[in-house]
Amino acid sequence: MRVAVTGPGGRLGRALMASLADAPFTGPGGPIGWGRPDYDLDDPAAAARLVERDRPELVIHAAAWTDTEGCARDPALAMRRNGHAVGELARACASAGADLVVLSTNEVFDGRRSDGRAYATDDEPAPLNPYGASKLAGERAAAEAWRAARRGSSLAIVRTTWLYGPPGNDFPSKLLAAAERSAQANEPLRAVNDEIGSPSYAPDVAEAIVAAAGEDGPFSLGRIEHIVNGGVASRADWARELLRQSGIAIPIEEVPVATWPRASTPPLWGVLAPTRPLRSWQAALADYVPILLRQRAAAAR
Ligand SMILES: NC(=O)c1ccc[n+]([C@@H]2O[C@H](COP(=O)([O-])OP(=O)(O)OC[C@H]3O[C@@H](n4cnc5c(N)ncnc54)[C@H](OP(=O)(O)O)[C@@H]3O)[C@@H](O)[C@H]2O)c1
């Protein structure tokens, strides 16, 4: 199967490329990465050009403008990159008969739910910020392209939350750096206790998508999937577990998210009901901590 991945250098994109390279169904050539400059979310013709050039049977769309603060400052550009660009890719895939997986986010929901129930795939989205609005526009543009094309190929929307993993520059790596600064200043580490989600390890999410894509028969992902590691945590819970697994003893001071004013308002309850069981977020984190600690030791040398 010829499989193309957009954003192959991103956190999830690189994990998808690795999982696909190991998958038997991608053949000896492995997956095709559609990165910049060939694939640019700002170029309305890019998707059609690449679909025509490479004739993929499956496209996994992991490219996005994920800078939520940038999206809040420029909602029109967010809509261009995370909304319109998905429509263009979906129309190109639908008319060529290629399957498409579009990555999306818990931020399509406002996170105001207070009944402790995880968001299900059939809950009505209501984004709170321009990033979430642009990602929801992307979901809807893809669905509209499929409705209009009425062809036999499959479309799946895969929502995930709180992604972390190589190459770093993620919550765990920033938190370890902050812990070091706090230790030097002899102060507790401040961590947010009212933002709740499911930390999700990019390699686990990638593997689940690739496993589904490789199952026998037709492309077997559902219309909307929620793919996240198991369990629920506040940012402070995540920080505490990370420090414990890293062997760093430093007190944590729990603070509300409003402590740090931001351009984008994050949904406080970002919990998605998983459609495929993955291991717990703590077990996944344990695979990443040694990688992070090695990276930090190498950087300190
Ligand atoms: N990060 C999270 O916590 C999170 C949570 C839920 C859902 N998601 C969704 O999961 C997907 C993957 O996220 P991620 O964390 O892997 O994102 P990421 O690490 O920020 O990677 C984004 C990718 O998109 C590419 N990209 C950005 N702007 C582009 C442009 N104008 N033209 C072409 N490519 C562009 C980047 O290319 P370069 O490498 O060239 O910069 C990069 O490869 C996205 O759909 C995101 O919305 C993420």
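We count ligands from 1, going down the list as the structure has it; atoms in each ligand are counted the same way.
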Q: Return yes when A15 approaches ligand 1 closer than 4.0 angstrom through a heavy atom, no otherwise.
A: no
Q.
Please compare V108, L103, V158, T160 and report which has the shortest non-hydrogen distance to atom 6 (C) of ligand 1.
A. T160
**Q.** Nitrogen or oxygen atoms of K135 and ligand 1 under 3.5 Å apart
**A.** yes
Q) Within the structure, does D42 bring an N/O atom to less than 3.5 angstrom of an N/O atom in ligand 1? A) no
Q: Run the contact test for Y131 against ligand 1 with a 4.0 Å cut-off on heavy atoms, strictly below, and give the result.
A: yes
Q. So which of D40, T6, D54 actually passes side-chain hydrogen bond (donor to acceptor under 3.5 Å, both in side chains) with W34?
A. D54
Q) Is L41 close to ligand 1, meaning an N/O of one under 3.5 Å from an N/O of the other? A) yes
Q) Any luck finding a side-chain donor-acceptor pair between E241 and Q245 under 3.5 Å? A) yes
Q | Row check, W65 ring normal vs R80 NZ/CZ: under 6.0 Å, within 45° | A | no
(Q) Which residue and atom name correspond to the protein heavy atom nearest atom 7 (C) of ligand 1, and how close is it? (A) S104 O, 3.2 Å
Q: Give the cluster check for L155 versus V86: same hydrophobic cluster or not, with ILVMFWY residues linked at side-chain heavy-atom distances below 4.5 Å.
A: yes
**Q.** For atom 22 (C) of ligand 1, the protein heavy atom that lies nearest, with its residue and separation
**A.** A64 O, 3.7 Å
Q: Please answer whether the main-chain N or O of A286 pairs with a side-chain N or O of Y201 as donor and acceptor at a distance below 3.5 Å.
A: no
Q. Heavy atoms only: which of R36, R11, R159, R14 is nearest to atom 37 (O) of ligand 1?
A. R36
Q: Nearest heavy atom to atom 2 (C) of ligand 1 wins, so pick from D170, L163, D43.
A: L163
Q: Indicate yes or no for a side-chain donor-acceptor contact from E187 to the backbone of S182 under 3.5 Å, with no hydrogens or angles considered.
A: no
Q) Salt bridge check: are E207 and R276 linked by an N-O gap of less than 4.0 Å? A) no
Q) Looking only at protein heavy atoms, which one is nearest to atom 23 (C) of ligand 1, and how far off is it? A) A63 CA, 3.9 Å
Q.
Below 4.0 Å, non-hydrogen atoms only: which portion of T66 touches ligand 1? Side chain, backbone, both or neither.
A. side chain
**Q.** Any A62 heavy atom less than 4.0 Å from ligand 1
**A.** yes
**Q.** Check: P8 N/O within less than 3.5 Å of ligand 1 N/O
**A.** no
Q: Under 4.0 Å from a heavy atom of L12: give me the atoms of ligand 1 that qualify, with their elements.
A: 12 (C), 16 (O)
Q. Is the shortest side-chain N to carboxylate O distance from R190 to E253 below 4.0 Å?
A. no
Q. What about W281 and W162, are their ring centers closer than 6.0 Å?
A. no
Q) Which word best sums up how the rings of H226 and F109 line up, parallel for under 30°, tilted for 30 to 60°, or perpendicular for over 60°? A) perpendicular
Q. Which residue owns the protein heavy atom closest to atom 39 (O) of ligand 1, what's the atom, and how far is it?
A. G9 C, 4.2 Å
Q. For ligand 1, is any non-hydrogen atom under 4.0 Å from A202's backbone (N, CA, C, O), its side chain (CB onward), both, or neither?
A. neither
Q: Consider only side-chain heavy atoms of I, L, V, M, F, W and Y, link residues closer than 4.5 Å, and tell whether L103 and L136 are in one cluster.
A: no
Q: Determine whether any heavy atom of W162 lies closer than 4.0 Å to an atom of ligand 1.
A: yes
(Q) Is there a polar contact between ligand 1 and T105, counting only N or O atoms under 3.5 Å apart? (A) no
Q. Short N/O distance, under 3.5 Å, between G10 and ligand 1?
A. yes
